[in-house]
There are 2 protein chains.
Amino acid sequence: MSTAIKCMPAMSEAMKKQCEEEFRRLCREKGVPYTTQRRAVLHAVLELGNHPTAEEVCSSAIVRNAGVSRATVYRALESLARLGAVIKVGHGGSAIRYDGRIELHHHLVCLRCNAITDIASAGLDSTPVPDTSEFGFFVKDFRVQLSGLCRRCRTDNPKLH
Amino acid sequence: MSTAIKCMPAMSEAMKKQCEEEFRRLCREKGVPYTTQRRAVLHAVLELGNHPTAEEVCSSAIVRNAGVSRATVYRALESLARLGAVIKVGHGGSAIRYDGRIELHHHLVCLRCNAITDIASAGLDSTPVPDTSEFGFFVKDFRVQLSGLCRRCRTDNPKLH
DNA sequence: TTAAGTGCAAAAGCTTTGCGGGTAG
DNA sequence: CTACCCGCAAAGCTTTTGCACTTAA
């Protein structure tokens, strides 16, 4: 009854490029200013790859070299998320994480270390999205979150509660 | 292709009772001390109902009357989550939210106001959980998150980006 | 008895905001 | 030209921690 999943390899340069173009398109479409700073922030999220926090984006070389301030990073991440150029990832930790991968995919979330792993699964992708019109809720996106324990956490400390 | 969903009514007293007993059972099973403070914290989460934050739990009458300190609330919520007596809910906001409903269910998350709505859906429940053994990942739980815009946010501000 | 939990208060970490000046459209 | 964005620095909110004391098992 279980379907196969695949680990998702790091994004290729071509994919990153495509994400950046998509961002440009979204800006035009929604009339949102396409600024150097936001470009740098998106670029950093894509380079960092592993669901960085806002702080990690702030300290990335890309953002530092571009001289983007902390406040701007937070504001830019928020606009990117609203535009749909990045995704906010919920997990158990105390800092919001951002995901530059906007294609449909899913997450393994470790309940102990809060690590997030992207997975691809045709089975999960074909989840029938229910009709939420009764609630007046407009669904933009869905994602399946599998919570549990990652290999490292199981190995490091087998006695867990 | 869309399946039906149902809004989940507030937990009945009987269900809350059952959650509290389940907590007691988990404590015994895992050898975790069953303290007054943790009991009060779980009780508050169940009474508050709507995915409260740690701060909301701190200021609930139940916890205040029991004289439980802020630090203990945070520590108790963490242990309850590890035990599986509550669930941490990921969303876009800057404070972790806790859910006392541990039966299988799913969430609507508003991208603007971060409101979380519990939904029941047989279609989503029957999602085929993929085999993650290749990753050494042990799945304890899964949940589908539908992100989008809630009725109020669509009405209040139709021009959104 | 003893490992673990608790309260207090302080520190640390994360995010938002006001304001004067700058920039994309 | 104008609405929106940016940097700075400060404030605000959320979470964690060290230590002495208390408690469940």
Side-chain angles (χ1 to χ4, degrees), chain A residues 23-42 51-60 63-83 85 88-98 112-114 157 159-161, chain B residues 23-42 44 51-60 63-83 85 88-98 112-114 159-161:
Chain A
F23 168 51
R24 174 166 219 158
R25 197 187 65 69
L26 286 165
C27 282
R28 274 207 251 271
E29 181 181 315
K30 309 266 185 170
V32 171
Y34 180 68
T35 65
T36 316
Q37 289 86 347
R38 296 213 253 232
R39 234 164 346 186
V41 168
L42 175 58
H51 312 95
T53 63
E55 284 305 316
E56 287 164 345
V57 173
C58 285
S59 35
S60 93
V63 162
R64 296 189 81 80
N65 292 340
V68 181
S69 75
R70 175 181 310 282
T72 296
V73 168
Y74 278 90
R75 282 186 285 223
L77 287 169
E78 189 62 34
S79 6
L80 291 172
R82 285 217 172 149
L83 273 175
K88 285 183 178 185
V89 185
H91 63 123
S94 50
I96 301 172
R97 294 182 164 280
Y98 294 88
R112 289 202 112 230
C113 68
N114 295 319
N157 192 343
K159 167 203 163 197
L160 357 100
H161 50 247
Chain B
F23 167 52
R24 175 167 218 156
R25 197 188 63 70
L26 286 165
C27 282
R28 274 206 251 270
E29 182 182 315
K30 309 267 185 168
V32 171
Y34 179 68
T35 66
T36 316
Q37 290 86 343
R38 291 187 193 173
R39 235 166 344 189
V41 167
L42 175 59
H51 312 94
T53 63
E55 282 305 315
E56 287 165 344
V57 173
C58 285
S59 33
S60 93
V63 162
R64 297 191 80 80
N65 292 341
V68 181
S69 76
R70 175 181 311 282
T72 297
V73 168
Y74 278 90
R75 284 184 284 224
L77 287 169
E78 189 62 34
S79 7
L80 290 172
R82 285 216 173 149
L83 272 176
K88 286 183 177 184
V89 184
H91 64 122
S94 49
I96 301 172
R97 294 183 163 281
Y98 294 87
R112 288 202 112 228
C113 68
N114 295 319
K159 166 202 162 199
L160 358 96
H161 52 246

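So that the names make sense, note that chain A is the first sequence line, chain B the second, and so on, each numbered from 1. From a predicted model like this one, the values you see are computed outputs, not experimental measurements.
With the end axes of the helix from dT1(C)-dA25(D) to dG25(C)-dC1(D) each set by five pairs, the angle from one to the other reads 60° at 10° resolution.
In this structure a side-chain-to-backbone donor-acceptor pair under 3.5 Å is present from Ser79(B) to Arg75(B). For the pair Ser59(A) (side chain) and Glu55(A) (backbone), a donor-acceptor distance under 3.5 Å is present.
Taking side-chain N and O atoms only, Gln37(B) has no distance below 4.0 Å to OP1 or OP2 of dT23(D). Remark: Ser69(A) is in phosphate contact with dG7(D), judged by side-chain N or O atoms under 4.0 Å from OP1 or OP2. Here Thr72(B) reaches the OP1 or OP2 of dG7(C): one of its side-chain N or O atoms lies under 4.0 Å away. Under 4.0 angstrom from either OP1 or OP2 of dG5(C) there lies no side-chain N or O belonging to Ser79(B).
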- line: With sugar-phosphate taken as primed atoms, P, OP1 and OP2 and all else as base, the protein-contact string of nucleotides 10-23 of chain C at under 4.0 Å (heavy atoms; B, S, -) is ----SBBBB-----
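For the side chain to side chain contact (heavy atoms under 4.5 Å, CB included) test with Ile96(A), the passing option among Glu78(A), Lys88(A), His51(A) is Lys88(A); the others fail.
Across dG7(C), dG7(D), dA24(C), the shortest atom-to-atom separation from the side chain of Thr35(A) is found for dA24(C).
Protein atom CZ of Arg38(A) is 11 Å distant from nucleotide atom P of dG7(D), rounded to whole Å. Remark: C1' of dA25(D) and CZ of Arg28(B) are 11 Å apart, rounded to the nearest angstrom.
Closest approach of Ala76(B) and Val41(B) over heavy atoms only: CB-CG2, 3.9 Å.
Within a 6.0 Å sphere centred on CZ of Arg70(A), other residues, nucleotides and ligands contribute 12 heavy atoms or fewer.
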- request: Under the side-chain contact (heavy atoms from CB on, under 4.5 Å) rule, what do Asn114(A) and Arg97(A) come out as? Steps first, then yes or no, please.
  value: CA-CA 11 Å; Asn114(A) 295 319; Arg97(A) 294 182 164 280; 5.6 Å; no
